[in-house]
Amino acid sequence: MTSNTSANTPPPSRLGISFQLLVALYIGAVILLSYRANLTIAAKALGAILGASFLFIAMSSSKKIVIPATYKVWAIWFALATVSCLFAESSSLALYRAQTLAQVAVVGFIATNFMIWHRSTQFYVLALIGSALLSSAMVTLNPAPFTDFDGRVYGTLGNANTFGFILSATLVMSLVSAITSRAIILKLAFLAATATLFIMLLQTGSRKAMLGGVLLGGGMVCAAYLYRSSKVSKKSLVGAVMAVATIVPIGIIYLMNSNFWFRIERAMGIFDGGTTNADTSVQGRLWLSERALDIAARNPILGIGLDNFRVADGGGIGKQIGTYSHNNYLEVLVSTGAVGFLIYFYIYWILLKQLFLLRSCLRSNEYFGRYTMALVVTISIVAMDTAMVSYYDKVFWLLLPWLVAELHLLTGLQKQAMINRSTVKTDAEKEPDPAEAGMDKAASPIGYAVPGTGKLP
């Protein structure tokens with residue numbers, strides 16, 4: 001049998017450690033230095049260095065720039081959004097949003113290519129988890145600059161909900177890493193990281209992060225683990241169940257004794273008597289949703305322009321409860337109309353379709369962890385978008401590049417595995433029968449070395 005790659009041919013070069021560190025520094029700068037306007041220059045400077053490094057690698061090596069379908073669709077949406085800015089009530093607001101969005105999108109695209117060139121997203125995931133842990137340490141050591149008057153922790157990102165967003169995503173990554181790590185030391189380290197992120201997440205008082213990250217995200221991780229339980233030892237399964245049964249009650253008790261438990265109680269009031277019993281925050285969000293639908297109905301095709309929700313007619317109490325709709329689906333609909341809505345959320349359809357096609361990874365020992373992280377974070381984003389505006393969020397533009405790269409790499413591995421299996425099958429069919437060829441059966445070639453990094457089931 002002939003292999004696709006010669007045994008003497010060295011594997012393609014990966015991304016150097018210096019470029020991995022550069023990406024990690026950018027992630028750290030965004031997560032750790034966003035609470036003050038004068039500190040964001042660090043992330044911008046590192047983004048510019050990433051851009052220069054990207055051009056240098058692309059021009060000086062054989063690495064090809066990869067443009068996944070998600071970025072192609074986003075570019076079409078962005079072009080439409082930019083055109084609509086020209087007809088916005090406040091073109092300056094719209095164009096400023098477009099400018100900042102272009103900056104983070106370009107850096108995100110570069111990060112995606114770095115991960116694809118490296119053929120791994122592990123360094124990126126570790127940078128996200130590490131930065132979230134460092135942020136939690138900063139808050140713990142000096143809580144005053146990162147805590148609101150009502151006791152809620154808004155952290156180094158300057159917003160409790162945004163901080164909760166990154167904590168919920170990295171909590172999922174850390175939990176999956178704990179499940180899939182083989183070394184006991186790594187398991188304990190990731191479990192400690194998960195517990196730390198869980199406690200810090202509770203302190204944000206972010207209801208959407210707790211529902212989307214802990215309940216939905218954690219629940220999906222457990223469901224994926226149980227689905228795979230036929231290949232998991234009973235000892236590991238019992239240990240996972242015991243860990244969940246221990247952590248969740250402790251978290252609930254901690255939350256009930258916190259300064260912001262009243263937010264949860266008031267939010268639950270909507271199930272007992274409707275919106276009249278809900279707290280002002282929930283009532284305000286409902287009002288914003290009604291207003292967004294009204295604006296969208298009056299501007300159905302191209303919308304009113306990026307970030308113009310705050311200056312649209314009928315502001316009223318909007319200035320007191322928020323200058324955006326608190327719902328990504330409605331915000332995109334209002335900003336870029338029905339056309340922009342369909343184009344933008346086609347990105348989500350692409351991600352979900354890729355996840356569906358790769359669902360066999362749940363049964364793969366090698367790819368279970370990577371796939372589960374991508375699956376759970378994607379579903380959490382789709383769910384949490386009902387309560388947040390993410391299309392320009394800093395955390396979203398840290399997570400989307402990773403999701404795109406991870407699914408691109410897993411899709412490539414799946415295709416390679418299919419080619420390998422097809423090649424082995426074809427060569428086996430061509431192999432002559434030892435008896436017919438006059439060969440001794442014991443001397444016939446019966447072993448096949450399957451090329452590639454591993455096969456998906």
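Numbers here are sequence positions counted from 1.
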Look only at the side chain of Y154 and the backbone of P145, and say whether a donor-acceptor pair between them is shorter than 3.5 Å.
yes

Are S177 and M373 close enough that some pair of their side-chain heavy atoms sits under 4.5 Å apart?
yes

Atom NE2 of H118 and atom NZ of K63: how far apart are they, to the nearest 0.5 Å?
9.5 Å

If you measure only the distance, is there a donor-acceptor pair under 3.5 Å linking the side chains of S135 and T156?
yes

So OG1 of T411 and CG of L358: to nearest 0.5 Å the spacing works out to 4.0 Å

Any side-chain heavy atom of V139 sitting closer than 4.5 Å to one from M200?
yes

About how many Å separate OG of S390 and CZ of F396, when rounded to the nearest 0.5 Å?
5.0 Å

Heavy-atom pair with the smallest gap, counting every atom of A94 and G305
CB-C, 4.5 Å

So the salt bridge (Lys or Arg N to Asp or Glu O under 4.0 Å) pairs with at least one residue in residues 91-100 (sequence neighbours excluded) are R97-D307

Rounded distance [0.5 Å steps], CG in L293 versus CG in L288:
11.0 Å

Non-hydrogen atoms of L175 and T194 that approach each other most closely:
N-OG1, 3.3 Å

Any residue meeting side-chain contact (heavy atoms from CB on, under 4.5 Å) with R182, in chain and number order, not counting sequence neighbours:
none

Apply the test side chain to side chain contact (heavy atoms under 4.5 Å, CB included) to residues F345 and N328: give CA-CA distance (whole Å), side-chain angles for both, the deciding distance (0.1 Å), then the verdict.
CA-CA 10 Å; F345 290 106; N328 199 49; 3.8 Å; yes

With heavy-atom distances below 4.5 Å as the criterion, would you say the side chains of L22 and L46 are in contact?
yes

Contact check, side chains of V334 and S325, non-hydrogen atoms, under 4.5 Å:
no

Enumerate the side chain to side chain donor-acceptor pair (under 3.5 Å) contacts for residues 17-27, please, sequence neighbours excluded, ordered by first and then second residue.
none

Would you name the heavy atoms of G164 and L201 that are closest together and state the gap between them?
O-CD1, 3.5 Å

What heavy-atom pair brings L407 and A374 nearest, and what distance separates the two atoms?
CD2-CB, 4.2 Å

Contacts of Y348 meeting side-chain hydrogen bond (donor to acceptor under 3.5 Å, both in side chains) (sequence neighbours excluded), chain-then-number -> D385

Can you name the closest pair of heavy atoms from G340 and V332 and give their distance?
O-CG1, 4.2 Å

Within the side chain of S364, is there an N or O that forms a donor-acceptor pair under 3.5 Å with the backbone of C361?
no

Nearest-0.5 Å distance that lies between atom CD1 in I295 and atom CG in L333
10.5 Å

Return yes if some donor-acceptor pair links the side-chain N/O of T100 with the main-chain N/O of Y96 below 3.5 Å, else return no.
yes

Any heavy-atom pair between the side chains of W74 and L400 that's under 4.5 Å?
no

When you look at V376 and V176, which way does the side chain to side chain contact (heavy atoms under 4.5 Å, CB included) test go after all the steps?
CA-CA 10 Å; V376 174; V176 174; 5.8 Å; no

Tell me, please, which residues at least two apart from S34 pass side-chain hydrogen bond (donor to acceptor under 3.5 Å, both in side chains).
K394

In short, ring-ring contact (aromatic ring centres under 6.0 Å, His included) pairs touching residues 162-192 with sequence neighbours left out are none

Partner of V404 under side-chain contact (heavy atoms from CB on, under 4.5 Å), chosen from L399, I350, T70
T70

Minimum heavy-atom distance between L93 and R310, given as atom pair plus value:
CD1-CD, 3.9 Å

Sorted by chain and residue number, the ring-ring contact (aromatic ring centres under 6.0 Å, His included) partners of F146 (sequence neighbours excluded) come out as Y35

Y392 vs V104 side-chain heavy atoms within contact, under 4.5 Å:
no

Could you work out, with side-chain hydrogen bond (donor to acceptor under 3.5 Å, both in side chains) as the rule, every residue matching T372, not counting sequence neighbours?
none

Excluding sequence neighbours, so at least two apart, what forms side-chain hydrogen bond (donor to acceptor under 3.5 Å, both in side chains) with S92?
S90

Backbone of I57 reached by a side-chain donor or acceptor of S61 within 3.5 Å:
yes

Taking the side chain as C-beta and beyond, is there a heavy-atom pair between Q414 and L410 under 4.5 Å?
no

How many angstroms lie between atom CG of L186 and atom OG of S181, to the nearest 0.5 angstrom?
5.0 Å

Considering only heavy atoms from C-beta outward, does the side chain of L409 approach that of R370 to under 4.5 Å?
yes

Under the ring-ring contact (aromatic ring centres under 6.0 Å, His included) rule, collect the residues that match up with F109, sequence neighbours excluded.
Y71

Donor-acceptor pairs under 3.5 angstrom involving side-chain atoms of residues 121-132: please list them, not counting sequence neighbours.
{"residue": "T121", "atom": "OG1", "partner": "E406", "partner atom": "OE2", "Å": "2.6"}
{"residue": "Y124", "atom": "OH", "partner": "L398", "partner atom": "O", "Å": "2.7"}
{"residue": "S131", "atom": "OG", "partner": "A127", "partner atom": "O", "Å": "2.8"}

Should W397 and V30 be marked as a side chain to side chain contact (heavy atoms under 4.5 Å, CB included) after you check the CA-CA gap, both sets of side-chain angles, and the distance that decides it?
CA-CA 10 Å; W397 278 102; V30 172; over 6 Å; no

Carefully, step by step, assess N161 and R152 under the rule side chain to side chain contact (heavy atoms under 4.5 Å, CB included).
CA-CA 10 Å; N161 290 322; R152 295 181 66 194; 3.6 Å; yes

Does L306 offer a backbone N or O that forms a donor-acceptor pair with the side chain of N308 under 3.5 Å?
yes

Donor-acceptor pair, T112 side chain versus P401 backbone, under 3.5 Å?
yes

Who pairs with Y391 by ring-ring contact (aromatic ring centres under 6.0 Å, His included), at least two apart in sequence or on another chain?
W77

Tell me whether Y371 contacts the main-chain N or O of L355 through its side chain, where contact means a donor paired with an acceptor under 3.5 Å.
yes

Taking atom CD1 of I185 as the centre, report whether more than 12 heavy atoms of other residues, nucleotides or ligands fall under 6.0 Å from it.
no

